[in-house]
Amino acid sequence: MARQKPGNQAGVMEKIVSLCKRRGFVYQSSEIYGGMNGCWDYGPLGVELKRNVRESWWQDMVTCHDDMSVLDGAPEAFEMCGLDCTILMDPQVWKCSGHFDLFHDKMIDCRDSKRRYRHDQVRGRWVEAKGERIFVTVNADLEAEETEARQKALKYFGYRSKDSDKLNWDVEFICLTEVSDHSRVLAPDSKELGTLTEPREFNLMFKTQVGALYDEDSVVFLRPETAQGIFVNFKNVIDSTRVRIPFGIAQVGKSFRNEITPRHFTFRVREFEQMEIEFFCNPASSQEWYRFWRDRRLDWYQRLGLSGERLRLREHDSDELSHYSTGTADIEYAFPFLAEGEFGELEGVAHRGDFDLRSHMDGKLDPKSDPLEVELGEDGKPLWRGSGRDLSYRDPISNERFVPHVIEPSGGVDRATLAFLCEAYTEDEAPDDKGNLRQRVLLSFHPRLAPIKVAVFPLVKKDGMPDRAKAIYRELKQYFNVFYDEKGAVGRRYRRMDEVGTPFCVTIDGDTIKDGSVTIRDRDSMEQRRLSVGEVITTVQKAIRSQGQEGLSCP
RNA sequence: GCGGGUGUAGCUCAGGGGUAGAGCAUCACGUUGCCAACGUGAUUGUCGUCGGUUCGAAUCCGAUCACCCGCUCCA
């Protein structure tokens with residue numbers, strides 16, 4: 001049987017989006033009012049799928065974590081616990097975390113080249129010639145900017161290279177932020193003056209306000225990540241539980257980022273759900289823990305079905321890393337909406353050192369300083385004051401005191417859900433009742449993720465089969481999400497269940513009435529076996545617990 | 001934010017200044033003996049939204065919203 005895993009050819013994503021809407025996985029938000037950019041709702045099947053992703057993560061990382069054994073690749077045994085913080089937090093949290101500064105960039109657009117620049121990153125130099133004084137900006141590095149500025153100026157004034165001495169330059173290159181009149185500015189990618197817009201603020205954090213009365217002091221932000229809630233509760237968790245380092249705190253929840261360009265279905269959205277762990281460890285062993293978490297998180301996606309070439313681990317190059325981070329890896333998936341060879345991030349596993357805890361102790365650290373120091377304002381005081389609380393940790397055995405280092409595996413629930421959907425989408429061919437091959441569309445989810453685990457069908461709607469089938473439906477319902485259907489031809493019912501990824505269909509026929517046995521049909525192979533109802537339960541349970549691709553077919 | 005494309009039934013799409021179309025899907029009844037195409041019947045729309053031109057607009061024009069592609073952005 002030819003089975004195709006569609007690649008990046010045009011139309012696959014459209015088919016997935018269409019199926020998602022048609023079968024109740026994902027709808028556009030506020031659709032009857034025309035839709036809301038970058039917002040998507042999960043329908044009745046989508047909510048089950050997403051819950052299964054989220055709960056699989058929570059079970060595997062937290063509730064089912066074995067804190068007595070040393071896991072493969074781990075330096076030692078460790079504990080895990082959970083947390084659920086509010087979306088609204090003290091605004092100082094975001095000032096110390098760095099989000100406040102980072103998310104308030106001023107941007108300028110060039111009307112001519114249609115390019116956009118960060119206001120504080122455009123540099124240039126004043127030059128005077130032919131009685132005209134203009135500010136020439138450049139795209140180049142610090143070393144090359146002088147040469148490029150000269151060439152641009154010569155071209156603008158219509159001079160040849162030998163006329164360089166006719167240009168009267170100001171001494172210094174300065175930042176565009178120091179130039180108020182943009183009409184005299186030659187933009188980096190333009191040949192005419194005055195094409196830059198005024199700087200505009202991009203508020204990447206959603207702003208709201210607490211209390212009925214609005215004033216400046218009541219402004220708060222919707223969190224742009226869940227992680228900070230963990231850092232600011234680090235001391236609470238240490239003080240109120242008996243956890244000892246090394247240990248991890250996990251949290252799942254909504255976060256909000258005012259993306260400039262939401263795109264690609266649920267991939268880049270403004271409201272999204274994160275599943276994050278902050279793992280606290282001794283600085284001496286942090287490198288080993290980083291490698292452990294990086295490999296373990298990749299393994300998690302693989303076990304749930306993303307095992308092919310479309311999933312990869314990408315270590316950041318050293319020039320991509322903050323100097324205080326000694327490692328970051330992205331777990332990436334080749335989504336069908338991306339160009340061939342491109343991957344989209346599912347999860348980032350970052351070694352964050354002690355940057356976050358120290359920032360919440362002493363004040364926001366300057367990420368460019370090395371060694372890290374508190375960033376100072378113009379008055380010489382900390383730009384953003386920390387909590388002043390001591391967030392260091394004293395090891396009760398060695399008596400060593402240190403600020404823990406942090407490994408942060410931070411994944412997107414919506415992105416993982418989308419990746420599982422894309423990976424599951426399969427087209428193959430199967431014979432119809434006359435033996436002609438027909439196209440079949442199926443979602444080959446791992447049984448653990450499938451919204452519906454079992455469908456129960458009476459083969460035909462007579463001879464007592466529906467009653468018997470309903471009794472079996474009720475029995476299975478105690479264990480799984482089960483769907484009952486007695487309408488139309490059984491083949492059609494099978495295909496409908498294939499399309500929403502139900503791994504098993506149980507069919508009640510004449511023999512069921514006689515001896516209680518039923519047939520169970522496997523979604524992927526379409527093979528059937530005859531079992532007792534009790535065996536159906538163990539079969540489905542086994543498949544749900546299975547790892548990777550094994551166990552997807554009937555035993 | 002810029003440029004290009006698209007928007008008609010739940011889905012895929014045709015049509016095009018004068019009563020809104022097809023296939024699939026859905027529902028009912030009958031039929032049924034294991035892989036979507038059995039029969040009969042039924043439901044479905046302010047033609048994305050708002051405004052303009054016109055005797056008359058789903059059709060022409062403008063604006064707007066959303067989606068797709070390319071820039072930009074991706075902290």
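Values in this document were obtained by computation on a predicted structure and should not be read as measured data. Worth knowing before you read on, the calculation uses all heavy atoms, side chains too, and leaves out hydrogens, waters and symmetry mates. Lettering follows sequence order; numbering is per chain, from 1.
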Along RNA chain B (nearest heavy atom to each residue), the more 5'-positioned of Gly98(A) and Asp463(A)
Asp463(A)

Mind checking the P distance from G7(B) to A14(B)? Whole angstroms is fine.
7 Å

If we call it a pair only when both distances are under 3.5 Å in a Watson-Crick or G-U wobble match, what pairs with U46(B)?
none

Answer with yes or no whether Tyr33(A) presents, from its side chain, a donor or acceptor under 3.5 Å of a partner atom in the base of C65(B).
no

Go through the steps to decide whether Gln274(A) and Lys254(A) satisfy the test side chain to side chain contact (heavy atoms under 4.5 Å, CB included), and finish with yes or no.
CA-CA 6 Å; Gln274(A) 291 184 297; Lys254(A) 284 282 183 80; over 6 Å; no

Answer yes or no on whether Arg415(A) is positioned over the face of Phe272(A), meaning its NZ or CZ is under 6.0 Å from the six-membered ring centre and within 45° of the axis.
no

Is there a Watson-Crick or G-U wobble partner for G51(B) with both distances under 3.5 Å, and which nucleotide is it?
C61(B)

Over all strands shown, is Gly344(A) touching base, sugar-phosphate only, or nothing at heavy-atom distances under 4.0 angstrom?
nothing

Ignoring hydrogens and angles, are the base of A75(B) and the side chain of Glu259(A) linked by a donor-acceptor pair under 3.5 Å?
yes

Could you check whether any side-chain heavy atom of Val518(A) comes within less than 4.5 Å of a side-chain heavy atom of Val536(A), counting everything from C-beta outward?
yes

Taking only the C1' atom of each, what is the distance from A22(B) to U44(B) in whole angstrom?
14 Å

I want to verify a distance call: between A28(B), G33(B), A25(B), whose nearest atom is closest to the Lys487(A) side chain?
A28(B)

Trp40(A) side-chain proximity, nearest of C34(B), C67(B), G33(B)
C67(B)

Any idea which of G33(B), C69(B), U32(B) is nearest the Phe337(A) side chain?
C69(B)

Between Asn37(A) and C67(B), is there a contact of a side-chain N or O with OP1 or OP2 at under 4.0 Å?
yes

Is Thr539(A) reaching over with its side chain to a backbone N or O of Glu535(A), donor-acceptor style, under 3.5 angstrom?
yes

Could you let me know what G3(B) is paired to, Watson-Crick or G-U wobble, both distances under 3.5 Å, or none if it's on its own?
C69(B)

Same-atom distance (P) from G10(B) to G18(B), integer angstrom
24 Å

Return yes if the base of C35(B) and the side-chain atoms of Arg492(A) contain a donor-acceptor N/O pair under 3.5 Å, otherwise no.
no

Looking only at atom P, what distance separates C61(B) and G17(B), rounded to whole Å?
12 Å

Is there a Watson-Crick or G-U wobble partner for G21(B) with both distances under 3.5 Å, and which nucleotide is it?
C13(B)

Out of U26(B), G1(B), C74(B), minimum distance to the side chain of Arg268(A) belongs to C74(B)

Rounding to the closest angstrom, what is the interatomic distance between C35(B) and G41(B) at atom C1'?
27 Å

Considering only the P atoms, how many Å lie between U40(B) and C34(B), rounded to the nearest integer?
24 Å

Closest approach to the side chain of Glu14(A), judged atom by atom: which nucleotide of U26(B), C68(B), C69(B) is it?
C68(B)

Donor-acceptor contact present, side-chain Asp463(A) to main-chain Met465(A), <3.5 Å
no

Just wondering, do Arg23(A) and Arg496(A) contact through their side chains at under 4.5 Å, heavy atoms?
yes

Any Ser18(A) side-chain nitrogen or oxygen under 4.0 Å from OP1 or OP2 of U12(B)
yes

Check this one for me: any side-chain N or O of Arg495(A) less than 4.0 Å away from OP1 or OP2 of A36(B)?
yes

Measure distances between side-chain N and O atoms of Arg257(A) and base N and O atoms of A75(B), and say whether any donor-acceptor pair falls under 3.5 Å.
yes

Which base sits across from U40(B) as a Watson-Crick or G-U pair, both distances under 3.5 Å?
A28(B)

Taking only N and O in the side chain of Lys21(A), is any of them less than 4.0 Å away from OP1 or OP2 of G10(B)?
no

Any donor-acceptor pair under 3.5 Å joining the side chain of Arg263(A) to the base of G70(B)?
yes

Give a yes/no on whether any side-chain N or O of His264(A) is located under 4.0 angstrom from OP1 or OP2 of C74(B).
no

When you compare A58(B) with C68(B), how far apart are their P atoms, in angstrom units rounded to a whole number?
28 Å

Side chain Gln251(A), main chain Cys85(A), donor-acceptor under 3.5 Å:
yes

Sugar-phosphate, base or nothing in reach of Met497(A), heavy atoms under 4.0 Å
nothing

Base of C35(B), side chain of Asp498(A) - is there a donor-acceptor contact under 3.5 Å?
no

Mapping Arg22(A) and Gly34(A) to their closest nucleotides on RNA chain B, which lands nearer the 5' end?
Arg22(A)

Can you see if the side chain of Gln28(A) gets near the phosphate of C67(B) - specifically, an N or O under 4.0 Å from OP1 or OP2?
yes

Can you tell me, in whole Å, how much space there is between the P of C67(B) and that of A28(B)?
35 Å

